[in-house]
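The structure under discussion appears below in the form of structure tokens.
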There are 2 protein chains.
Amino acid sequence: MDLTDRKKQILKVVIEDYIAKAEPVGSKAIAGEMGGSVSSATIRNELSDLTELGYLEQPHTSSGRVPSPKGYRLYVNELMERQRLSVAETEKINQALHMKMEELDRVISQAGRAVSNFVSYPAYVAAASRRKHVTARHFDLLPVDDRSCIAVMMTGDERVKSQLLRLQLKVDPEQVQSLTKLLNSRFTGVDTEEMNKRLMAVSEEITPQLFLLLSQTVSYAADVLEEAGQKEIYTAGANQLLRLPEFQDVGKAHELMSFLADDKENLPVPDENSPMKILIGPENVNQALQDTSVVVASYDIGDDMRGLIGVVGPTRMDYGAVAARLSGFADGLTRMFGTKNLPPKGEQET
Amino acid sequence: MDLTDRKKQILKVVIEDYIAKAEPVGSKAIAGEMGGSVSSATIRNELSDLTELGYLEQPHTSSGRVPSPKGYRLYVNELMERQRLSVAETEKINQALHMKMEELDRVISQAGRAVSNFVSYPAYVAAASRRKHVTARHFDLLPVDDRSCIAVMMTGDERVKSQLLRLQLKVDPEQVQSLTKLLNSRFTGVDTEEMNKRLMAVSEEITPQLFLLLSQTVSYAADVLEEAGQKEIYTAGANQLLRLPEFQDVGKAHELMSFLADDKENLPVPDENSPMKILIGPENVNQALQDTSVVVASYDIGDDMRGLIGVVGPTRMDYGAVAARLSGFADGLTRMFGTKNLPPKGEQET
DNA sequence: TTTAGCACTCGCTTTCCATGAGTGCTAAAG
DNA sequence: CTTTAGCACTCATGGAAAGCGAGTGCTAAA
């Protein structure tokens, strides 16, 4: 049930016109844009067919046509010209990503803002560890004064976290040092459950003061490892929506913006194996996204982590431009987190 | 030029009615709410006076009155009943703030979201060091493998930051240890400019490899100290605006939301000495805030830092409720960052 | 000083009409 | 069989007119 070339061309014109103008497009306009090789009447016949086949929709009997989700899908799969980014734009993307070495979370949230600015739609980003079980790789306890010390830990996915611990009782720096050794010998490379078991096991070997410090450290470590498993999602540029004609209705805008602010966890994630995924209107399972489209790409953070970066917009979004820019950003991020360069993958601060 | 008690009472009724309903309030409604002790005609005379004096405004000849900024100001200064939070609400606030010890930035941004939820208006938060010049207090270099090591630094305002450094060349762990001593003896307690001077001074004393590592560390330290000086502002709950009748006009909503997203630095800050500040409509110097009111409070983060927490809403905001909740939060935060308890002031992770 | 009465104002909603872009259908032409 | 011109028809949109009603200001009486 393939469409004729002319039908496809007409569909393409309709979609691109609608993307640009956000208004139903009529036969006359199409005829004009196709160079006058056919008359509007012919177009009308074709439009009628396309409508019947479900690629177009008519808001009401007798106004121009509007693409249906099915139409967009065909467009995205076959008709859309894969846009190449200009050199200047690639440059700009890399510039936007060229920030000082900083904490991972900060980097990706900034990347989210940059993407949103670039594509003029709301964007969302996240990063998560690929490993099932992240464990502690290295501990250090640094005495600060006699009542507090800093716990530094490095995780299996090369993140560094630290935390100031307050002590109830004075502890001797030398004892702290021996405790550090204990931590590194017995509490690295195991999951949190095992950590707690071992904590119990050593309870008799050391003084109560040290045990208190130890258990504080272990509990902190458990928190960090816990947190490493789940990804935090950042959204940016939700207000871009208000610019769009489809969100002039405050109710709609409110609904979607609240979703972006409070239900980010339910935003689509990319498929495991493909670098990019496009979801059009009702293809989104999520109620709040029924009338919107989502483009989401993935990128690598070193070898152990993986991130996602996505854009939310009206179904009438400029898929070509968004997809191109998004993969530009994804590539840029992957490169930036790559092991070769100085700004390295897992660096950050606690 | 003091108002009679009855005029004040009428003004109060008008404002509270308008706060609740967002619609001009008429003489009849006022008479009703005042218990029928006077007739609507009397009220009309009084309203006429109040309008002449500038406390009220008339959208057009012949619909109810609306409070003017001057009216709100009188209300806030004299008429408003200082609301006390119920025990249940204080409880809720403390519960919202009772989070795990975490990085400072995360804590306050979460507090921002909590406030916004509580008062149903957008909120903003920030924290900044009180000191003019923050210096490094303690360094540690921890070798991870033969090509990378972690730089941990503690700043004068008790924040701990760390960073993974990649090395070009192999460095011996013992040398690293001696470098740590050098850092602590010569690069603590001085500002960044002085640090760079001293870096130059030692360039001849040590091997080129070590010097490279040292300069990486110093440059990182400079970044951190730089950053400590300026506060980052977080906003939350901007979408709350769309709920309000005064922002049903998408244009207005867009303007303010963009301001909250992109120009947060220009949001009002509290006065040095008073714990809370209320700015009504045109009292805001900022163009984008002309039609809104801002309530902003300050809180202490230990002894060295100070934070702010504010709410943005329509001039018709419920000042009493917002002020009460805001100071509840500010108190809660101050207490939470206080030195007494376990979740301590400056703790965080890099 | 307060109140009742009354004419008047003016924004809001509804109704109605004209307009025009765009369609579907038919019949003729290629 | 495809394309095109012609034409009647549909329907969203915008503006004008009309009715409604909440609320006012003013006057005169209590």
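Please read all numbers here as calculations on a predicted model, not as lab measurements. Residue numbering restarts at 1 for every chain, and letters A, B, ... go by the order of the sequence lines.
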**Message:** Expressed as a whole number of angstroms, how long is the span from A:His60:NE2 to C:dG20:P?
**Reply:** 17 Å

**Asked** Whole Å only: how far is the CD atom of B:Gln58 from the P atom of C:dG11?
**Response** 11 Å

**Prompt:** Taking atom NZ of A:Lys7 as the centre, does the number of heavy atoms from other residues, nucleotides or ligands within less than 6.0 Å exceed 12?
**Reply:** yes

**Request:** Nearest whole angstrom, please: distance from the C1' of C:dA21 to the CG of A:Asp17.
**Result:** 15 Å

**Item:** Within residues 239-259 of chain B or reaching into it, pairs that qualify as ring pair (Phe, Tyr, Trp, His ring centres under 6.0 Å) - sequence neighbours excluded
**Value:** none

**Asked** 5' to 3' on DNA chain D, which nucleotides open and close the contacts with chain B (atom under 4.0 Å from a heavy atom)?
**Response** D:dG23 to D:dG25

**Prompt:** NA contact type, B:Ser37, heavy-atom cut-off 4.0 Å: base, sugar-phosphate, or nothing?
**Reply:** sugar-phosphate

**Request:** Determine whether the side chains of B:Arg113 and B:Asn117 contain a donor N or O and an acceptor N or O closer than 3.5 Å.
**Result:** no

**N or O in side chain of B:Ser39 less than 4.0 angstrom from C:dT3 OP1/OP2** = yes

**Request:** Applying side-chain contact (heavy atoms from CB on, under 4.5 Å), name anything that partners B:Glu255, two or more places apart in sequence or on another chain.
**Result:** none

**Item:** Modelled atom types, side-chain donor and acceptor of B:Tyr72 and B:Ser293, under 3.5 Å
**Value:** no

**Asked** Of B:Pro59 and B:Asn45, whose nearest nucleotide on DNA chain C comes first from the 5' end?
**Response** B:Asn45

**Request:** Taking atom NZ of B:Lys277 as the centre, report whether more than 12 heavy atoms of other residues, nucleotides or ligands fall under 6.0 Å from it.
**Result:** yes

**Request:** Might you point out which heavy atoms bring B:Gly237 and B:Ser116 nearest each other, and give the distance in Å?
**Result:** CA-OG, 3.3 Å

**Contact residues, residues 6-15 of chain B to DNA chain D [heavy atom, < 4.0 Å]** = none

**Prompt:** Should stems be defined as at least three consecutive Watson-Crick or G-U pairs with both distances under 3.5 angstrom, which of them involve DNA chain D?
**Reply:** C:1-30 with D:1-30

**Message:** Would A:Lys12 and A:Glu81 count as a salt bridge (Lys or Arg N to Asp or Glu O under 4.0 Å) here? Give the steps.
**Reply:** CA-CA 10 Å; A:Lys12 184 163 177 253; A:Glu81 284 144 29; 2.6 Å; yes

Show the distances under 3.5 angstrom between N or O atoms of the protein and N or O atoms of nucleotides 13-18 of chain C.
none

**Asked** Within a reach of under 6.0 Å around CG of A:Asn77, are more than 12 heavy atoms found that belong to other residues, nucleotides or ligands?
**Response** yes

**Request:** Could you walk me through whether A:Phe329 and A:Phe118 pass side chain to side chain contact (heavy atoms under 4.5 Å, CB included), step by step?
**Result:** CA-CA 10 Å; A:Phe329 267 96; A:Phe118 247 71; 3.8 Å; yes

**Message:** Quick check on DNA chain C: between A:Ala29 and A:Ala41, whose nearest nucleotide comes earlier from the 5' end?
**Reply:** A:Ala29

**Prompt:** B:Tyr121 and B:Gly313: which non-hydrogen atoms are nearest, and at how many Å?
**Reply:** CD2-CA, 4.1 Å

**Asked** Any side-chain donor-acceptor pair under 3.5 Å between A:Thr51 and A:Arg65?
**Response** yes

**Message:** Tell me which one of A:Leu260, A:Val294, A:Val115, A:Ile309 satisfies side chain to side chain contact (heavy atoms under 4.5 Å, CB included) with A:Tyr124.
**Reply:** A:Val294

